[in-house]
Every structure is written in C-alpha cells, then in structure tokens.
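As structure tokens, the structure follows; a few thoughts come after it.
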Amino acid sequence: MEHAEFNKDLLKFLNASPTPWHAVDTMRKRLDAAGFQALDEREDWSLAARQGYYVIRNGSSIIAFRTGSRDVATSGVRMVGAHTDSPCLKVKPNPELRRKGFFQMGVEVYGGVLLNPWFDRDLSLAGRVTVLDEDGQVRDTLVDFRKPIAFIPSLAIHLDREANSNRTVNAQTDLPPVVMQVPESDTTRFVDLLSSQIKSESGLAVRKVLGYELSFYDAREASFVGLRDEFIASARLDNLLSCYIGLQSLLNTSGEEAALLVCNDHEEVGSMSAEGAQGPFLTSVLDRWAGAGKGKAIARSMMVSADNAHGIHPNYMDKHDENHGPILNRGPVIKVNHNQRYATNSRSAAVYRHISDELGLPHQTFVVRSDMGCGSTIGPLTAGNLGVTTLDIGVPQFGMHSIRELIGNEDGYTLFRVLTEFMQREQVF
C-alpha cells in the first residue's frame with residue numbers, strides 16, 4: 001500500500017466509523033474481504049495454520065489474528081493493541097427536552113471531552129439500537145443519520161461579556177443540542193424518530209425500541225488540511241487512527257508468523273468492562289488459541305499499544321519537556337513513563353527503534369513534564385493482565401479529545417510500515 005493510497009483509505013475508514021460499533025463493523029467487512037473467518041465465542045474453535053480469524057465482543061471490540069505456520073507456543077505472538085472509543089456526547093435514556101418550542105436532547109459526557117469545541121458545530125447521530133422486530137425477535141442494528149441533525153449554539157458574547165476570559169461549561173445545562181422546532185402541543189418521542197430512521201436506512205420494521213447507545217458526532221468529514229495538504233483533520237483520530245494502522249498492518253503481513261490485533265472499547269473511561277482492556281477478552285482468546293502453551297507463547301510475545309501522542313503545540317511549547325516535544329510529520333512517538341502510565345521499557349523500545357532504523361524511518365520519544373500528570377493507555381493494563389513485554393507508541397497529534405483533531409499526513413504511514421514488519425518478523429527478541 002502506497003502513502004497516498006493509505007491516507008485516502010484512512011479518510012474513508014474514519015468517515016465510515018462514527019461510533020465503536022461502526023468501527024468494528026467496518027473492520028469486520030475488511031477482514032471478511034481478506035478471507036478472515038469469523039469465530040463465535042459460544043462455539044468450539046478449530047484453528048488451522050496460516051489462517052486468519054476474528055472474534056467480536058459486544059459489537060464494539062474486536063480481535064483479529066493470523067495463526068502463522070508454527071506452533072504459537074514456540075513462535076510467540078506479535079500483538080498490536082488500540083481502542084475503538086473516543087470522548088463524545090451520548091444520548092440519555094429519556095432525552096426529550098422541550099423549551100420554547102425547541103426540541104432538544106439530554107446528553108451525558110463520555111470520557112474526558114474537551115467540551116468547548118462542541119459548540120456551533122453541525123452534529124449528526126449514530127450508534128447501536130436494540131429493537132423488537134416485526135417477527136417478535138430481539139436484535140441489534142446500527143443507525144447513522146449521516147447528516148447534520150443537531151446544533152449546540154453558543155451564548156452570544158453580548159449576553160456573556162466574560163466569554164473569552166472566564167467561560168465554563170456546565171455539562172448538564174449547557175450541552176443539550178437543539179434538534180428541531182415543534183409546536184407547544186408536541187408529544188414526539190425520540191424512539192419514534194429512531195424507529196423511522198432505522199426503517200429508512202435498513203428497511204427494518206421496528207415494533208419497539210428496547211434500548212440504544214447513541215453518540216453525537218461532528219458531521220464534517222475527515223479531510224486534508226494545509227497549503228500542501230501536510231495535515232489530516234478528523235474526529236476520532238484518537239484512536240481510530242491506530243485501529244486503522246493496526247488493521248492494515250495485519251492485512252499486509254505475510255501470514256507466516258502469529259500476529260494479532262486487539263481493538264478494545266471503553267479505554268476512555270478506564271477499560272473496566274467485559275470488552276475493555278481490563279476485562280478478560282484478550283486473555284480468553286489467547287487461552288483458546290494457545291491452550292496449555294499460553295505461558296510459553298506470552299514469554300516469546302510482544303505487544304505494541306498504539307495510541308496517539310501529544311505533539312508539541314507551537315502556541316504552548318512550555319507544556320512539553322524541552323527535550324521531548326514530538327513534532328508532527330517527524331515520526332511516531334515512543335511514549336515513556338517510569339511510573340508505569342506507559343508500559344514501554346528499554347527492551348520494547350529497542351525492538352521498535354531497531355526495526356524503524358532498518359527501514360530508514362524516523363521515530364521520536366515523549367516524556368511528560370516532571371511537574372505535570374500523565375495520561376495512560378491500554379498498554380499497562382494489557383501488560384499487567386498478560387505479563388507480556390509491551391511498548392507504548394503513537395502518532396503525534398494536536399487537539400486530543402477535541403471534537404476535531406489534527407495529525408501529520410506522514411506519521412500514520414510510517415507507523416504502518418514499521419508495524420507491518422514487526423507483525424511478520426520471525427523473531428522479536
């Protein structure tokens with residue numbers, strides 16, 4: 001896959017994946033097209049050599065792997081991990097708000113959202129809905145309105161003279177989006193609007209909406225930015241970019257070595273769920289794959305936790321350690337924190353640097369300022385659960401956790417090339 005093709009396909013992937021459920025569904029379709037076989041956790045597995053498989057949990061987390069040509073206990077597994085979720089505004093169970101003829105919807109903040117950029121944006125809505133269909137069956141379906149249907153208007157500066165110096169956001173009262181205007185006598189229920197949208201999208205007749213997990217998202221599509229198109233702007237770059245890179249790396253390997261991609265949901269809220277990185281999903285899959293040889297397999301394995309990094313902001317350079325300010329388009333960032341907020345150690349970092357150097361590709365290093373707190377990833381959680389050597393790495397970006405984020409157009413492709421080589425290398429250590 002060439003650089004230009006990689007980036008154009010990345011934009012398609014981002015636009016097709018407004019929620020974790022859509023992201024997993026997009027990955028599933030690509031894996032199916034590549035000949036990977038779906039596995040069901042409720043059934044017995046019979047795994048063949050040199051074959052690709054995938055398993056989905058909750059519709060929002062996915063593990064895909066190639067078995068390789070050797071016994072996994074002696075080959076180990078080259079693993080890449082990412083997460084499917086992004087900070088956003090989720091619709092409450094009883095969302096209808098009617099004020100002065102405006103139909104609004106109550107929302108709950110999911111994850112560490114940078115809230116101010118959500119104002120004055122064209123918003124759409126997508127997610128998973130569980131319904132009772134016309135045959136009386138309970139089933140899940142995906143929904144995506146795919147057009148601007150909502151707006152969170154700012155309060156004009158004339159009514160808030162301190163808006164540019166002292167504005168705060170109240171998540172309960174300031175964020176309900178305006179969806180439409182209705183008469184004072186209106187009794188419209190959101191679930192009725194949802195049923196109509198499902199019917200329009202998929203032809204599925206809904207007898208009753210039983211539940212949903214829906215998120216508002218920026219209706220503007222991903223795009224190239226800059227006079228020379230040197231940047232890519234999009235929602236959900238943290239961390240669908242890493243999901244895409246990991247998927248493309250797995251698909252482009254030779255298949256001779258055992259390799260695995262795990263994309264977990266719920267990283268932005270701590271990862272403690274059945275399908276999150278603190279849950280048993282990955283351990284369960286490895287148990288069924290490696291069996292009694294799992295311990296030996298883990299000792300010969302390595303995990304690369306791919307999650308975006310903070311690029312040095314030219315307007316806020318003092319927020320970085322003076323020797324560790326990653327620059328966009330200068331290479332992926334090895335993330336180091338000796339307090340174990342990142343799982344990188346000298347050995348795992350050396351593996352990446354060695355492969356990257358062999359390919360003649362750039363890399364950078366990030367360490368948070370000593371007087372500032374540090375975020376974390378699925379890396380330490382996976383390392384702690386499995387006992388596997390782990391590296392934390394990511395593409396540098398601006399605006400992390402904003403409704404729209406920015407990366408350089410070189411770094412994702414660079415990471416893809418290194419991870420492709422990593423996932424097909426005969427011996428990691």
Side-chain angles (χ1 to χ4, degrees), residues 9-10 13-14 16-32 34 36 38-39 41 52-66 77-88 110-111 127-128 142 213 215 234-253 259-286 289 303-308 343 376-383 385-386 388 390-395 412 415-416 419-420 422-423:
D9 191 52
L10 168 62
F13 180 85
L14 293 167
S17 308
T19 73
W21 294 276
H22 289 84
V24 168
D25 192 55
T26 301
M27 288 187 274
R28 175 190 64 80
K29 292 173 182 175
R30 291 174 176 232
L31 289 163
D32 286 341
F36 280 64
L39 298 171
E41 289 192 275
Y53 299 94
Y54 68 87
V55 57
I56 294 171
R57 183 176 285 193
N58 187 48
S60 61
S61 293
I62 186 169
I63 294 175
F65 60 95
R66 292 188 187 272
V77 186
R78 296 122 197 87
M79 294 183 278
V80 173
H83 64 88
T84 59
D85 61 322
S86 302
C88 61
Y110 175 85
R128 180 178 69 174
L142 299 183
E213 296 175 76
S215 305
S234 176
R236 304 175 302 280
L237 287 170
D238 175 19
N239 191 30
L240 291 187
L241 172 63
S242 299
C243 293
Y244 176 78
I245 293 170
L247 178 64
Q248 292 305 124
S249 298
L250 182 65
L251 293 177
N252 280 272
T253 59
L260 177 148
L261 170 68
V262 53
C263 296
N264 292 114
D265 196 2
H266 298 141
E267 190 273 347
E268 298 293 359
V269 292
S271 294
M272 179 57 78
S273 67
E275 56 276 5
Q278 285 205 70
F281 188 25
L282 179 55
T283 299
S284 174
V285 169
L286 291 173
W289 179 6
M303 162 67 76
V304 175
S305 167
D307 201 348
N308 293 357
S376 192
T377 71
I378 67 168
L381 302 176
T382 305
N385 283 342
L386 293 181
V388 65
T390 301
L391 169 76
D392 267 298
I393 197 163
V395 167
L415 184 56
F416 156 72
L419 292 187
T420 300
F422 163 74
M423 294 179 91

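Residues: numbered from 1 along the sequence shown.
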- prompt: Can you find a heavy atom in the side chain of Tyr53 that is under 4.5 Å from one in the side chain of Val285?
  reply: no
message: Hydrogens and angles aside, do Asp265 and Ser61 bring a side-chain donor and acceptor to less than 3.5 Å of each other?
response: no
query: Closest heavy-atom contact between Thr84 and Ser60?
result: OG1-O, 2.9 Å
query: Partners of Asp32 by side chain to side chain donor-acceptor pair (under 3.5 Å), sequence neighbours excluded?
result: Arg28, Tyr54
Side chain to side chain, Arg30 and Phe36, heavy atoms closer than 4.5 Å: no
query: What's the shortest heavy-atom distance between Ala306 and Asn239, and which atoms?
result: O-ND2, 2.9 Å
field: Interatomic distance, Leu251 atom CG to Phe416 atom CZ [nearest 0.5 angstrom]
entry: 9.0 Å
- request: Answer yes or no: is there a donor N or O on one side and an acceptor on the other, between the side chain of Ser305 and the main chain of Gly81, under 3.5 Å?
  value: no
- request: Return yes if some donor-acceptor pair links the side-chain N/O of Ser284 with the main-chain N/O of Phe281 below 3.5 Å, else return no.
  value: no
message: Please report the interatomic distance CG(Leu415) to CG(Leu419), rounded to the nearest 0.5 Å.
response: 4.0 Å
message: Would you say that Asn58 contacts Trp21 through its side chain, given a criterion of any heavy-atom pair below 4.5 Å between the two side chains?
response: yes
field: Spacing of SG belonging to Cys263 relative to CD1 belonging to Ile56, to within rounding of 0.5 Å
entry: 11.0 Å
Separation between NE2 of His266 and OH of Tyr110, rounded to the nearest 0.5 Å: 4.5 Å
field: Stepwise side-chain contact (heavy atoms from CB on, under 4.5 Å) test for Leu14 and Leu241
entry: CA-CA 8 Å; Leu14 293 167; Leu241 172 63; 5.6 Å; no
message: Are the side chains of Arg57 and Ser273 in contact, using a 4.5 Å heavy-atom criterion?
response: no
field: Intermediate values then yes/no, side-chain contact (heavy atoms from CB on, under 4.5 Å), Thr382 and Met79
entry: CA-CA 11 Å; Thr382 305; Met79 294 183 278; over 6 Å; no
- prompt: Between CG of Leu250 and CG of Leu260, what distance do you get to the nearest 0.5 Å?
  reply: 8.0 Å
- request: Check whether any side-chain N or O of Gln278 sits under 3.5 Å from a backbone N or O of Gly270 as a donor-acceptor pair, and report yes or no.
  value: yes
query: Between the side chain of Asp85 and the main-chain N/O of Glu268, is any donor-acceptor distance below 3.5 Å?
result: yes
query: Looking at Ala16 and Thr26, what are the two nearest heavy atoms and their distance?
result: O-OG1, 3.5 Å
- request: Would you give the length of the straight line joining atom CG of Leu261 to atom CE of Met27, rounded to the nearest 0.5 angstrom?
  value: 7.0 Å
query: Would you call Ile378 and Asp307 a side-chain contact if the rule is heavy atoms closer than 4.5 Å?
result: no
message: If we count only N and O atoms by modelled type, under 3.5 Å, do the side chains of Asn252 and Thr420 hold a donor and an acceptor together?
response: no
- prompt: Residues two or more places apart in sequence or in another chain: which of them pass side chain to side chain donor-acceptor pair (under 3.5 Å) with Arg236?
  reply: none
task: Would you mind reporting whether Glu41 and Val55 have side-chain heavy atoms less than 4.5 Å apart?
output: yes
- request: Would you indicate whether the side-chain heavy atoms of Met423 and Val304 approach each other to under 4.5 Å?
  value: no
message: How close do Glu275 and Asn264 get, counting heavy atoms only, and between which atoms?
response: O-ND2, 3.0 Å
Atom of Ser376, atom of Glu267 and distance for their closest heavy-atom approach: O-OE2, 3.3 Å
field: Shortest non-hydrogen contact from Ala277 toward Asn385
entry: O-ND2, 3.0 Å
message: When you compare the side chain of Met303 with that of Leu282, does any pair of heavy atoms fall below 4.5 Å?
response: yes
task: Please report the C-alpha distance between Ile62 and Leu31 in whole Å, then the side-chain angles of each, then the deciding distance to 0.1 Å, and finally whether the side-chain contact (heavy atoms from CB on, under 4.5 Å) criterion is met.
output: CA-CA 11 Å; Ile62 186 169; Leu31 289 163; 3.7 Å; yes
